[in-house]
Each structure stands twice: as C-alpha cells, then as structure tokens.
Amino acid sequence: MQNKMTDEIDRDARIVICGAGGFIGGSLARYFHDRGFTRIRAIDKKPIPEWYQRVPGVECLCLNLSDEGNCRRACEGAVEVYNLAANMGGMGFIERFRIECLRSILINTHLIESAYQAGAKRYFYASSACAYNTELQKVTEVRALKESDAYPAMAERGYGWEKLMSEMFCQEYWAERGFKTWIARFHNVYGPNGTWDGGREKAPAAICRKVIQAKDEGIGQIEIWGDGTQTRSFMYIDDCTKGIDRIMHCDDLVATPINLGSSELISVNELVAFAEKIAGVRLEHTYNLNAPQGVAGRNSDNTMIKKILGWEPDTPFSAGLAKTYAWIQQQYEQRKAGLRTVE
Ligand code: NAD
C-alpha cells in the first residue's frame, strides 16, 4: 500500500481544481488551502461572486471548461488537476436535463488532454454511483454496489453514461499514454456549502430545507418525493475531501475506479425522521409518487477502499446531518433577511 496523502507532497506544487465554484470543488480548495498549499488555482464557469466558497489566497478564474482553449489555460503549469466540474444536481435535475448532463463529456475530454499536454503528474476524475448498472438497484434492500458492478453497463441515462465514458477516457490515457489518472465514484455527498434550494439540491439538503420552512411557517406538513422507502447512503463532505486526497495519492489505484461513499444505508423516511429530530418537530408527510426518485436502493460496498486505503468514510449520518441542518437554517434566515446566500 502506498498512501502519501498531502502530508508528503510539495506544498508549492500547482494544484488545479475545476468546478471550484460548486460544492465539492469549493470544499476541496479549502481542504488544500488549510493544509498549507500555496499555489491553488480554482476554476468555474460561474461568475466569481456566485461561487459557494471563495478561499483566501487561492487564484480564482472564471472559465468555461467545455472550451478546449480554456482547458489549456486552466492547466498551465499544473502538477495535479482535479476535475469536479460538471452540470449536475439531484434526481429532479438529472432525470430532466439528460442532454446537459451528457454535454459534461466535453469538459473531461478537453481537460484530460490539456492536463496531459501540460505535463501534469496526476489527474483526478469525479465519477458517480450513477455509473452503476441500474438493473442492480431495483429493490430498497439493495446489495451494496462493488466496483465491478458497473459492467455489463446499464448506467443511469444521461448523467451516468457520461460518467462511464469519462472514466474510460481516464483509463485509456493511462493504458495508451502512461498518464496517471484516478477515478472515484462518489455516492451522494452532503454537508454545509452545498446546493440547498433551486432545483439542483439533493435529498438531505432538500429535506432539511423543507423541515426548516415547515417549522418556520407553522405549516405542519412536508411533501416527500416517492413513497419514502427508497434507500441511499450519504457521505459527509469532510470524508469526501479526505477521500479524494487519499485516492489521488495512492499509486495502487491508478486508473482504477473506486467507491467513495458511506456504507450506512438510510431510507428517505429515516432521513426525514433525523431532520425532524434535529428540528424538534413532528410533521405530517405527504408522498408525491409522481416526483423523480431515481433507483429504489443504492449503497456503497467499501471492501476495496478499506483493503487498499485502510479507511472508509465514517462520519455518522446523524452527526453530519446536524451540521448540515444548522448551516441550511443559517442560510434560510439570511435569505429571509434579504442577505446573499448559496443556492
Ligand atoms: P456542483 O454543481 O456544486 O459543482 C459543479 C461545478 O461545476 C458548478 O459550480 C458548475 O458551475 C461547474 N461547472 C459546470 N460546467 C462547467 C464548465 N463547463 N466549466 C467550468 N465549470 C463548470 O456539484 P458537486 O456536488 O460539487 O459535484 C462535483 C462533482 O462530483 C461533479 O462531477 C459531480 O457529478 C460529482 N458527484 C457529486 C455527487 C454529489 O452528491 N454531490 C455525487 C456523485 C458525483
């Protein structure tokens, strides 16, 4: 096992984080900044004032990375490149905007070539559990997905197929050109500084927001998408950034897709119960069976990550949700007061 983490990496090496105006990319920029990295370049297509996090001392560039010239600019002098840029959201977004999701292929296609041409040493690609065969996710008491379950391929239409194709690019750059790439399949990431309203938010943030609003407005009820029995695992953001670092700096994992997710399986009904407990309320639930709900069940099999890294994401859901709830509450109050929020 060879796992350096950033402790042994040159802190003056240029690290390029793409999608840094968003949730995970922004948190990753902060993670490396807090570990003393001095030359972080953060990139996103969103105008800089709209980024979820702006980390002091980090070079911020507003570039659309679907454009090859912009990818070349992004990768100038890069030692490590992290691709977390994609057009994405919760089920409400990825079931409705499949073309937009598929078009993210342009980002990875141009970025990996530019990183290779720039002589970068390491390239990271953020894949997703949506790359897994959907046939294996039709029941709520689901068998956890292991890395080999992506093939034979029957990924989530649009978003999942783009992830699978981009993974293949990463693997072939290593096989054909000896360019070192790493691929992590994230399972639902949640936490502070993520999308919490506006249509792209995922279940934990959406449920926290609905509970906060119901409590604030004295509505006494919330709507749940689906029948509430669908199951998922949810990874807290701090586990995600730590996991990206560990995976990217493990030479045993070159060009090898690996799960990065929690193995604590939670149903949507349980998620609601957790949020109500934090809020100190009991609400009436209405179930919208016509709303997008994705696969019936999905969990992360962490055998491989535990074997190779001796670690797995381990923040208990109840602890991570409490922090997320507190942050969304703060955002909710800021918005009511007419102040700027992350959405
Ligand atoms: P996010 O939407 O918060 O961040 C993605 C960022 O990419 C956004 O700020 C967006 O503006 C930017 N972007 C989109 N197109 C771009 C372009 N052409 N050029 C430059 N920037 C562009 O999403 P996130 O939750 O931070 O996800 C990061 C990555 O992790 C994505 O690849 C996503 O598919 C993957 N992922 C996330 C989850 C999750 O639960 N959040 C799960 C699985 C995989």
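First listed ligand is number 1; within each ligand, the first listed atom is number 1. The structure presented is a predicted model; accordingly, all values stated were derived computationally and were not measured.
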**Prompt:** Within the distance-only criterion (no hydrogens, no angle test), does the side chain of Thr256 pair as donor or acceptor with the backbone N or O of Val254 below 3.5 angstrom?
**Reply:** yes

**Request:** Name the option, out of Asn108, Leu84, Leu260, Asn70, that contains the heavy atom nearest to atom 29 (C) of ligand 1.
**Result:** Leu84

**Asked** For Glu270 and Leu265, which heavy atoms make the closest approach, and how far apart are they?
**Response** OE1-O, 4.1 Å

**Heteroatom distance test (Lys202, ligand 1): nitrogen or oxygen, under 3.5 angstrom** = yes

**Asked** So which heavy atom in the protein is nearest atom 11 (O) of ligand 1, and how far is it from that ligand atom?
**Response** Asp44 OD1, 2.6 Å

**Nearest-contact summary for atom 19 (N) of ligand 1 - protein heavy atom, Å** = Leu65 N, 2.8 Å

**Test item: side-chain donor near acceptor, Glu276 and His285, under 3.5 Å** = yes

**Request:** Classify the angle between the aromatic ring planes of Phe179 and Tyr123 as parallel (below 30°), tilted (30 to 60°) or perpendicular (above 60°).
**Result:** tilted

**Request:** With Met88 as reference, evaluate Lys202, Arg200, Glu162 under the side-chain contact (heavy atoms from CB on, under 4.5 Å) test and give the passing residue.
**Result:** Lys202

With a 3.5 Å cut-off and sequence neighbours excluded, list the donor-acceptor pairs that the side chains of residues 91-103 form with protein atoms.
residue, atom, partner, partner atom, Å
Glu95, OE2, Gly294, N, 3.3
Glu100, OE1, Asn87, ND2, 3.2

**Short N or O distance, Ala129 and ligand 1, threshold 3.5 Å exclusive** = no

**Asn87 N/O under 3.5 Å from ligand 1 N/O** = no

**Request:** Return each pair, listed once, that meets salt bridge (charged side-chain N to carboxylate O under 4.0 Å, His left out) where at least one residue sits in residues 181-190; pairs must be two or more places apart or across chains.
**Result:** Glu167-Arg185

**Fill in**
Which of Arg54, Arg39, Arg14 passes salt bridge (charged side-chain N to carboxylate O under 4.0 Å, His left out) with Glu59? Answer is Arg14

**Complete:** Note: heavy atom closest to atom 7 (O) of ligand 1, options Ala86, Ser27, Cys18, Ala126, belongs to Ala86

**Prompt:** Which residue holds the protein heavy atom closest to atom 27 (O) of ligand 1, what is that atom called, and what is the gap in Å?
**Reply:** Ile24 CD1, 3.8 Å

**Request:** Classify the ring geometry between Tyr132 and His187 as parallel (under 30°), tilted (30 to 60°) or perpendicular (over 60°).
**Result:** tilted

**Prompt:** Looking at ligand 1, does any of its N/O atoms fall within less than 3.5 Å of an N/O of Ser127?
**Reply:** no

**Message:** Closer than 4.0 Å to some heavy atom of Gly19 - which atoms of ligand 1 meet that?
**Reply:** 6 (C), 7 (O)

**Request:** Indicate yes or no: does an N/O atom of Phe186 lie under 3.5 Å from an N/O atom of ligand 1?
**Result:** no

**Request:** Please work out whether the ring planes of Phe124 and Tyr82 are parallel, tilted or perpendicular, with thresholds of 30° and 60°.
**Result:** tilted

**Item:** Contact partition for Ile107 relative to ligand 1, non-hydrogen atoms under 4.0 Å
**Value:** side chain

**Request:** Do me a favour and list the nearest non-hydrogen protein atom to atom 2 (O) of ligand 1 with residue, atom name and distance?
**Result:** Met88 CG, 4.0 Å

**Prompt:** Taking only heavy atoms of Leu63, which atoms of ligand 1 are found under 4.0 Å from at least one of them?
**Reply:** 19 (N), 20 (C)

**Fill in**
Judged by heavy atoms only, the candidate from Gly26, Cys101, Gly22 nearest atom 4 (O) of ligand 1 is Gly22

**Request:** Could you list the atoms of ligand 1 found under 4.0 angstrom from a heavy atom of Asn64?
**Result:** 17 (C), 18 (N), 19 (N)

**Request:** Please verify whether a non-hydrogen atom of Ala20 lies at under 4.0 Å from ligand 1.
**Result:** no

**Asked** If you measure from each heavy atom of Lys163 to ligand 1, is any distance below 4.0 Å?
**Response** yes

**Request:** Determine yes or no for a side-chain-to-main-chain donor-acceptor pair under 3.5 angstrom, with Asn269 supplying the side chain and Gly228 the backbone.
**Result:** yes

**Prompt:** Side chains of Tyr332 and Thr341: is there a donor and an acceptor less than 3.5 Å apart?
**Reply:** no

**Item:** Single hit among Phe317, Trp327, Tyr325, Phe23 for ring pair (Phe, Tyr, Trp, His ring centres under 6.0 Å) with Tyr190
**Value:** Phe317

**Message:** With heavy-atom distances below 4.0 Å as the criterion, list the atoms of ligand 1 near Ser66.
**Reply:** 18 (N)

**Message:** Show the atoms of ligand 1 that are less than 4.0 angstrom away from any heavy atom in Asn188.
**Reply:** 40 (O)

**Message:** Among all the protein's non-hydrogen atoms, which is closest to atom 21 (N) of ligand 1, and how far away is it?
**Reply:** Lys45 N, 3.2 Å

**Request:** Mark the output for Trp51 as yes if a heavy-atom distance to ligand 1 is under 4.0 Å, and as no if none is.
**Result:** no

**Message:** Need the ligand 1 atom indices (1-based, order shown) with element for anything under 4.0 Å from a heavy-atom of Ala85.
**Reply:** 7 (O), 21 (N), 22 (C)

**Item:** Side chain Thr140, main chain Thr231, donor-acceptor under 3.5 Å
**Value:** no

**Request:** Heavy-atom contacts with Tyr159 under 4.0 Å: which atoms of ligand 1 show up? List them by number with element.
**Result:** 33 (C), 34 (O), 35 (C), 36 (N), 43 (C), 44 (C)

**Prompt:** Between Lys46 and ligand 1, does any nitrogen or oxygen pair lie at a separation below 3.5 Å?
**Reply:** yes

**Complete:** Nearest heavy-atom approach of Ala214 to Ile222 is CB-CG2, 3.8 Å

**Request:** Quick one: look up the protein heavy atom nearest atom 40 (O) of ligand 1 and list residue, atom name and how far away it is.
**Result:** Val189 N, 2.7 Å

**Request:** Check each of Tyr52, Tyr190, Tyr125, Phe23 against atom 1 (P) of ligand 1 and report the one with the nearest heavy atom.
**Result:** Phe23

**Asked** Between Lys163 and Phe186, is NZ or CZ placed under 6.0 angstrom from the six-membered ring centre and within 45° of the ring axis?
**Response** no

